[in-house]
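Report on the following structure.
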Protein chains: 2
Amino acid sequence: MPKISQKGHNMPESPIRKLAPFAEKAKEKGVRVFHLNIGQPDLETPESMIDAMHNLEIRVIEYSHSAGIISYRRKLCEYYAKHDIHIRPEEIIVTAGASEAILFTVQTCLNPGDEIIIPEPFYANYNGFTTSAGVQVKPIISRIEEDFALPPISEFEKVITPATKAILVCNPNNPTGYLYSRDELEVLREIVKKYDLYLIADEVYREFCYDGRTHFSVMNLKEIEDNVILIDSVSKRYSACGIRIGSMISRNKEVMKTALKFAQARLSPPSLGQFAAEAAMDTPDSYFEKMINVYKKRRDTVVRELNKMEGVICPNPSGAFYVTARLPVDDTDNFCQWLLEEFSYDNQTVMMAPATGFYSTPGAGIDEVRISYVLNVENLKTAMICLEEALKAYPGRTQM
Amino acid sequence: MPKISQKGHNMPESPIRKLAPFAEKAKEKGVRVFHLNIGQPDLETPESMIDAMHNLEIRVIEYSHSAGIISYRRKLCEYYAKHDIHIRPEEIIVTAGASEAILFTVQTCLNPGDEIIIPEPFYANYNGFTTSAGVQVKPIISRIEEDFALPPISEFEKVITPATKAILVCNPNNPTGYLYSRDELEVLREIVKKYDLYLIADEVYREFCYDGRTHFSVMNLKEIEDNVILIDSVSKRYSACGIRIGSMISRNKEVMKTALKFAQARLSPPSLGQFAAEAAMDTPDSYFEKMINVYKKRRDTVVRELNKMEGVICPNPSGAFYVTARLPVDDTDNFCQWLLEEFSYDNQTVMMAPATGFYSTPGAGIDEVRISYVLNVENLKTAMICLEEALKAYPGRTQM
């Protein structure tokens with residue numbers, strides 16, 4: 001039997017999927033599992049998107065342009081302009097989700113062996129794409145004690161080497177929910193300019209900002225236009241994760257020309273999803289206002305209930321729909337598995353994502369979990385009661 | 001400005017897209033361009049697929065399982081069983097087109113620097129995926145004089161080295177239309193077994209077989225079950241290229257387990273496309289009978305008309321919807337560009353794919369073109385008249 005590749009061996013397993021078999025078993029036993037482990041919003045997809053499918057008037061599902069349907073890219077430009085991001089259709093490549101946008105970006109910008117700096121904890125799948133491209137992640141730790149703010153410039157400079165090629169940030173952040181301020185982004189700008197690095201920003205949670213705060217895009221950082229690449233997706237924004245429509249955006253002509261060759265090799269992004277995404281562009285602002293309102297209440301519930309629990313620390317982040325919390329347990333990998341395998345309260349339990357999967361520094365995040373607040377407030381409250389009871393009962397509890 | 005990657009530099013431009021700007025200009029001048037250059041069938045997508053969209057009953061477009069929706073994979077198993085290919089749902093990963101299936105396969109099975117043998121001419125985008133994975137293509141030439149039949153075993157053995165990891169075939173073939181016989185595939189089996197290689201087969205044109213011949217799948221080669229990986233797609237079969245739904249199939253458990261990690265990193269294949277593809281599984285046999293009939297007439301037209309032209313050689317292939325023909329010209333890259341830039345007959349011209357893009361041996365295929373017969377017979381006849389006139393007028397003609 002021929003061997004599989006080294007890369008295949010090295011590919012990390014998704015930290016979220018690892019627990020799935022245990023959740024299945026819990027359900028088989030009749031236990032209700034609250035899924036706080038995934039980034040799949042429960043809100044309804046805008047009607048306009050479903051309607052676009054109901055009213056589909058094509059007779060052949062054809063390839064689109066490799067960079068995406070031009071009418072969709074034009075509409076995207078209008079959408080971005082509303083967010084004060086001014087770009088042209090040829091600065092966009094429509095991709096199969098943000099995932100493919102990251103893949104194209106890494107392949108276009110980095111050689112195997114190059115280094116990419118990512119503040120950790122970070123979105124676990126970045127590990128997959130960097131492993132698959134043979135790129136080294138250089139993490140710099142953002143601390144729960146500082147609400148996961150951007151580490152100071154000195155921390156970046158400590159890890160910069162001649163092999164450093166890029167900095168990758170997710171803003172608002174998955175898994176911490178932290179919303180980087182304009183000042184923090186200006187710090188990034190300074191580093192990027194000084195060392196001539198790529199600045200790759202995953203802004204898929206752009207709309208998810210709370211407490212009156214607004215999102216500042218890396219696309220508006222001055223004098224580093226050729227360094228910046230924006231990763232985006234319609235998945236979270238329109239509660240449509242299965243649509244697999246994202247985009248890679250840059251004003252750097254050589255980057256876009258090169259990325260287009262990777263895009264051509266896979267022919268085109270999904271056409272049906274593009275039709276739906278184009279229809280979504282007309283979603284009224286009221287949809288987002290309502291959505292933000294709903295998520296803010298959920299965040300408030302989760303943060304309040306978590307901080308009430310003895311020994312639990314949870315920052316109050318201003319973005320996305322995640323919190324990363326510290327729990328008084330020995331090892332959240334064990335704890336999360338135990339929750340599914342051995343625990344139930346009122347025949348209910350909680351599934352969360354152990355944070356070690358979001359760190360690349362070994363041992364980091366061992367007492368942290370990511371909680372996605374993608375359930376309604378009532379269910380979140382019940383889930384928090386479960387968690388509180390579980391913390392009382394867990395044999396590996398570290399403080400009383 | 002930071003540099004782009006070496007891989008980005010090396011990525012080939014699509015040989016089909018290179019000519020696109022010249023086609024645009026021809027159209028701007030009011031010239032009608034017959035597109036014989038692309039693999040986009042003109043036939044209608046089955047109604048069941050469009051109906052599935054019209055009748056969509058979901059409220060949230062959710063992620064699917066990373067390996068694809070289970071009900072769809074079960075239906076796929078039934079589809080394959082009809083073609084005497086017996087597999088189980090866990091042996092399938094649903095992908096964003098055959099493109100992603102090839103990407104997962106190459107990443108799972110080959111290390112950078114490994115070698116993959118591909119009979120050439122071959123589907124140009126294989127170059128993209130191998131370049132992107134840092135894998136070396138070792139071409140072995142199949143000759144137009146032999147109708148592009150599989151080269152003898154001795155040709156394979158000449159290029160096998162310790163770095164050889166896999167053989168990739170496309171059957172029926174793009175760009176030659178050649179349908180490998182069972183005997184030829186048994187030859188491949190012998191080599192694969194002797195050297196313990198992966199055998200990767202792209203069978204997206206399975207249904208497109210003419211002259212009463214039937215397709216024999218690599219999945220039915222005995223004793224090499226762990227070596228074989230099948231690449232498939234619904235694009236061509238259902239005239240739905242924009243749907244981006246393919247699959248990677250293998251009985252090798254380790255390969256599938258590893259490929260699933262790559263699949264998890266990109267979360268899920270497109271959901272809307274999967275709904276449509278699942279509906280397509282109920283397409284009646286009559287759809288295919290009609291389709292094969294249509295394509296056979298087209299092939300007959302193109303092959304007959306081409307062979308009537310002085311100095312043109314065109315085999316009569318039994319599969320897919322392509323022919324690769326030899327033309328009496330100095331260089332088909334020049335000729336195809338000239339057709340768009342300088343030639344017209346009755347205000348019409350022809351766009352074809354120069355064959356050099358389908359070879360990796362430098363200079364090979366310089367007097368060949370790939371013609372896709374994806375137009376109706378009447379248009380094909382007119383296009384052939386154009387081509388005949390063009391060959392008379394072209395300054396770089398090599399024989400009279």
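In the text below, chain A, chain B and the rest are named by the order of the sequence lines, each starting its count at 1.
Scanning for side-chain contact (heavy atoms from CB on, under 4.5 Å) contacts around B:E57 gives an empty result, with sequence neighbours left out.
Contact annotation for A:F275: neither backbone nor side-chain heavy atoms come within less than 4.5 Å of a heavy atom of chain B. In this structure, chain B has a heavy atom under 4.5 Å from the backbone of A:P41, while its side chain stays farther away. For B:L197, the part lying near chain A is the backbone, with the side chain staying farther off; criterion is any non-hydrogen pair under 4.5 Å. Interface remark: B:P46 contributes no atoms to any contact with chain A (heavy atom separation under 4.5 Å). The contact between B:L103 and chain A is made entirely by side chain atoms (from C-beta outward), counting heavy-atom distances below 4.5 Å. Interface remark: B:F262 contributes backbone and side-chain atoms alike to the contact with chain A (heavy atom separation under 4.5 Å). Both the backbone and the side chain of B:L272 come within less than 4.5 Å of a heavy atom of chain A. In this structure, chain B has a heavy atom under 4.5 Å from the side chain of A:T258, while its backbone stays farther away. If you measure heavy-atom distances from B:N252 to chain A, the contacts under 4.5 Å come from the side chain alone. At a 4.5 Å heavy-atom cutoff, the contact between A:L267 and chain B is made by backbone and side-chain atoms alike. Interface residue A:K165: only side-chain heavy atoms are found under 4.5 Å from chain B. A:S99 touches chain B through its side chain: at least one heavy atom from C-beta onward sits under 4.5 Å away, while N, CA, C and O do not.
The backbone N or O of A:G8 sits nowhere less than 3.5 Å from a side-chain atom of B:T108 that would complete a donor-acceptor pair. Without hydrogens or angle criteria, A:R266 side chain to B:F129 main chain gives no donor-acceptor distance under 3.5 Å.
Among B:E47, B:Q264, B:K7, the residue with the largest count of heavy-atom pairs under 4.5 Å with chain A is B:Q264. Looking only at heavy-atom pairs under 4.5 Å with chain A, the residue among B:V106, B:L56, B:T45, B:V255 that has the most is B:T45. Ranked by heavy-atom pairs under 4.5 Å with chain B, the first of A:G134, A:A166, A:A240, A:P12 is A:A240. Among B:S239, B:S132, B:A276, the residue with the largest count of heavy-atom pairs under 4.5 Å with chain A is B:S132. Taking chain A as the reference chain and counting heavy-atom pairs below 4.5 Å, the highest number among B:N111, B:D226, B:D42 is found for B:N111. Of the residues considered (B:S64, B:S66, B:G128), B:S66 shows the highest number of contacts with chain A, using heavy-atom pairs under 4.5 Å. By number of non-hydrogen pairs under 4.5 angstrom with chain A, the leading residue of B:S271, B:P2, B:S268, B:G97 is B:P2.
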Next item on the list: Decide yes or no on side chain to side chain contact (heavy atoms under 4.5 Å, CB included) for B:E44 and A:R59, but give the supporting numbers first.
Entry: CA-CA 6 Å; B:E44 285 186 11; A:R59 313 204 71 169; 3.5 Å; yes

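Interatomic distance, CD of A:Q107 versus CD1 of B:I4, reported as 12.0 Å (0.5 Å rounding). Interatomic distance, OH of A:Y198 versus CE of B:M1, reported as 7.5 Å (0.5 Å rounding). Rounded to the nearest 0.5 Å, atoms CG (B:L260) and CE (A:M11) are 10.0 Å apart. One distance of note links NZ of A:K3 with CD of B:E254; it measures 10.5 Å at 0.5 Å rounding. Going from atom CD of A:Q6 over to atom CG of B:L110 covers 13.0 Å, rounded to the nearest 0.5 Å.
Closest approach of A:Y63 to B:K236, counting heavy atoms only: OH-NZ, 3.2 Å. The nearest pair of heavy atoms linking A:H9 to B:K261 is O-NZ, 3.5 Å. For the pair B:I50 and A:I61, the tightest heavy-atom approach, listed with the atom from each and the gap, is CD1-CG1, 4.0 Å.
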